[in-house]
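In this text, all values refer to a predicted model and were calculated from it rather than measured experimentally.
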Amino acid sequence: WVDLGSSCRALESGGAIGAVIGPLEAAHREALSEPPMRFAAELLLARALARGGRHEEAASRLRDAAGRSPDDVDLWLRLGEQLAVAGHPAEAVEALDRSARLEGRGRGPVDYTTVKAFVGSWTGNARWLEEAKARWAPGDTDTANAVFAGSLDALWAFCRGRWADPAFSAGRAEASSTPWV
């Protein structure tokens, strides 16, 4: 874990992937051959790349990891995030939709809904926003859930520059899961 942490710091600071990850994998081949350890390492390494502004490289690493572990919801969700930030919204939505099909394996709909709503709002794709809201709708049975759903409309209005949109005042009762409102 110490070596993994050092590798993450090196990647975040601009270190070359091969020069950083090669020695890590060589030194810890046995530990990294265990799926849970490999999974944790991949997520941490991709996060380090992303924190260093290397979103294409993070997406590539996550894509490879998802290929090895296609039933892991977290890999698809994080891949969707990185593809979106790297400027590939259609691919991001494909990865997010893949994560949604795997929900119930340790993760509910809030992450998928939030990320897909962001991608739809950033790009102006109302269909993606509506798909995100529809995914949330079954959970929309109490006040906190309704506030969350309303916050997605405020997000859309903000990203579209609709400053007079009533969604802004409707979102004043902030949901704890949407501090960005």
> Can Leu75 be reached from Leu83 by stepping across I, L, V, M, F, W or Y side chains whose heavy atoms are under 4.5 Å apart?
Replying inline: yes

> Rounded to the nearest 0.5 Å, how far apart are CG of Asp97 and CZ of Arg135?
Replying inline: 8.5 Å

> Yes or no on side chain to side chain contact (heavy atoms under 4.5 Å, CB included) for Glu131 and Arg127, after CA distance, side-chain angles and deciding distance?
Replying inline: CA-CA 6 Å; Glu131 288 171 0; Arg127 181 176 56 95; 2.9 Å; yes

> Nearest heavy-atom pair of Gly18 and Pro23: which atoms, and what distance?
Replying inline: O-CD, 3.6 Å

> Are Arg98 and Val73 side-chain neighbours, meaning at least one heavy-atom pair lies under 4.5 Å?
Replying inline: no

>> Rounded at 0.5 Å granularity, tell me how far CZ in Arg61 sits from CD1 in Ile21.
In response: 3.5 Å

>> What's the separation between atom NE2 in His28 and atom OG in Ser7, rounded to the nearest 0.5 Å?
In response: 7.5 Å

> Under 3.5 Å, is there a donor-acceptor pair linking the side chains of His88 and Glu56?
Replying inline: yes

>> Applying side chain to side chain donor-acceptor pair (under 3.5 Å), can you list everything that pairs with Glu57, at least two apart in sequence or on another chain?
In response: Arg54

> CG of Leu77 to CG of Asp111: how many Å apart, nearest 0.5 Å?
Replying inline: 5.5 Å

> Does Val20 belong to the same Ile/Leu/Val/Met/Phe/Trp/Tyr cluster as Met37, with side-chain heavy atoms less than 4.5 Å apart forming each link?
Replying inline: yes

>> What verdict does the side chain to side chain contact (heavy atoms under 4.5 Å, CB included) test give for Arg38 and Glu25, after you've listed the backbone C-alpha separation in whole Å, the side-chain angles of each residue and the deciding distance to 0.1 Å?
In response: CA-CA 10 Å; Arg38 185 65 183 199; Glu25 289 178 336; 2.7 Å; yes

> Between Leu44 and Leu4, is a side chain to side chain contact (heavy atoms under 4.5 Å, CB included) present by the stated rule, with each step listed?
Replying inline: CA-CA 8 Å; Leu44 289 169; Leu4 178 60; 3.6 Å; yes

>> Starting from Leu24, can I reach Leu43 by hopping between I/L/V/M/F/W/Y residues whose side chains sit under 4.5 Å apart?
In response: no

> When rounded to the nearest 0.5 angstrom, what is the spacing between CD in Glu12 and CZ in Arg51?
Replying inline: 4.0 Å

> Does Glu94 have any side-chain contact (heavy atoms from CB on, under 4.5 Å) partners at least two apart in sequence or in another chain, and if so, which?
Replying inline: none

> Looking only at heavy atoms, what is the nearest atom pair of His55 and Ala50, with distance?
Replying inline: CE1-O, 3.3 Å

>> Main chain of Glu30, side chain of Ser33: is a donor-acceptor contact present, judged purely on distance under 3.5 Å?
In response: yes

>> Which heavy atom of Pro89 sits nearest to which heavy atom of Val119, and what is that distance?
In response: CB-CG1, 3.9 Å

> Closest approach of Ala58 and Ala46, non-hydrogen atoms and distance?
Replying inline: CB-O, 3.4 Å

>> So, taking the atom named CH2 in Trp76 and the one named OG in Ser69, what distance separates them when rounded to the nearest 0.5 Å?
In response: 10.5 Å

> Quick check: are there more than 12 heavy atoms from other residues, nucleotides or ligands sitting under 6.0 Å from CZ of Arg63?
Replying inline: yes

> When you measure from the side chain of Arg160 to the backbone N and O of Ser121, does any donor-acceptor pair fall under 3.5 Å?
Replying inline: yes

> Are Val93 and Val115 co-members of a hydrophobic cluster defined by side-chain heavy atoms under 4.5 Å apart?
Replying inline: yes

>> Please determine whether the number of non-hydrogen atoms from other residues, nucleotides or ligands lying under 6.0 Å from atom CZ of Phe39 exceeds 12.
In response: yes

>> Taking side-chain contact (heavy atoms from CB on, under 4.5 Å) as the definition, give me every residue that meets it alongside Ala117, ordered by chain and number, with sequence neighbours left out.
In response: Leu129, Ala132, Leu152, Leu155

> For Asp3, which residues count as a salt bridge (Lys or Arg N to Asp or Glu O under 4.0 Å) partner, sequence neighbours excluded?
Replying inline: none

>> Checking Asp64 now: which residues fulfil side-chain contact (heavy atoms from CB on, under 4.5 Å) with it, not counting sequence neighbours?
In response: Ser60, Arg68

>> Do Leu45 and Cys8 make a side-chain contact, defined as non-hydrogen atoms from C-beta onward lying under 4.5 Å apart?
In response: yes

> Can you name the residues that form a salt bridge (Lys or Arg N to Asp or Glu O under 4.0 Å) with Arg29, not counting sequence neighbours?
Replying inline: none

>> Any carboxylate oxygen within less than 4.0 angstrom of a Lys/Arg side-chain nitrogen, looking at Glu81 and Arg78?
In response: yes

>> Determine whether Leu96 and Leu79 satisfy the following criterion, side chain to side chain contact (heavy atoms under 4.5 Å, CB included), listing intermediate values before the conclusion.
In response: CA-CA 8 Å; Leu96 293 169; Leu79 175 58; over 6 Å; no

>> I'd like to know if Trp128 and Tyr112 are part of one continuous hydrophobic network [Ile/Leu/Val/Met/Phe/Trp/Tyr, side-chain heavy atoms within less than 4.5 Å].
In response: yes

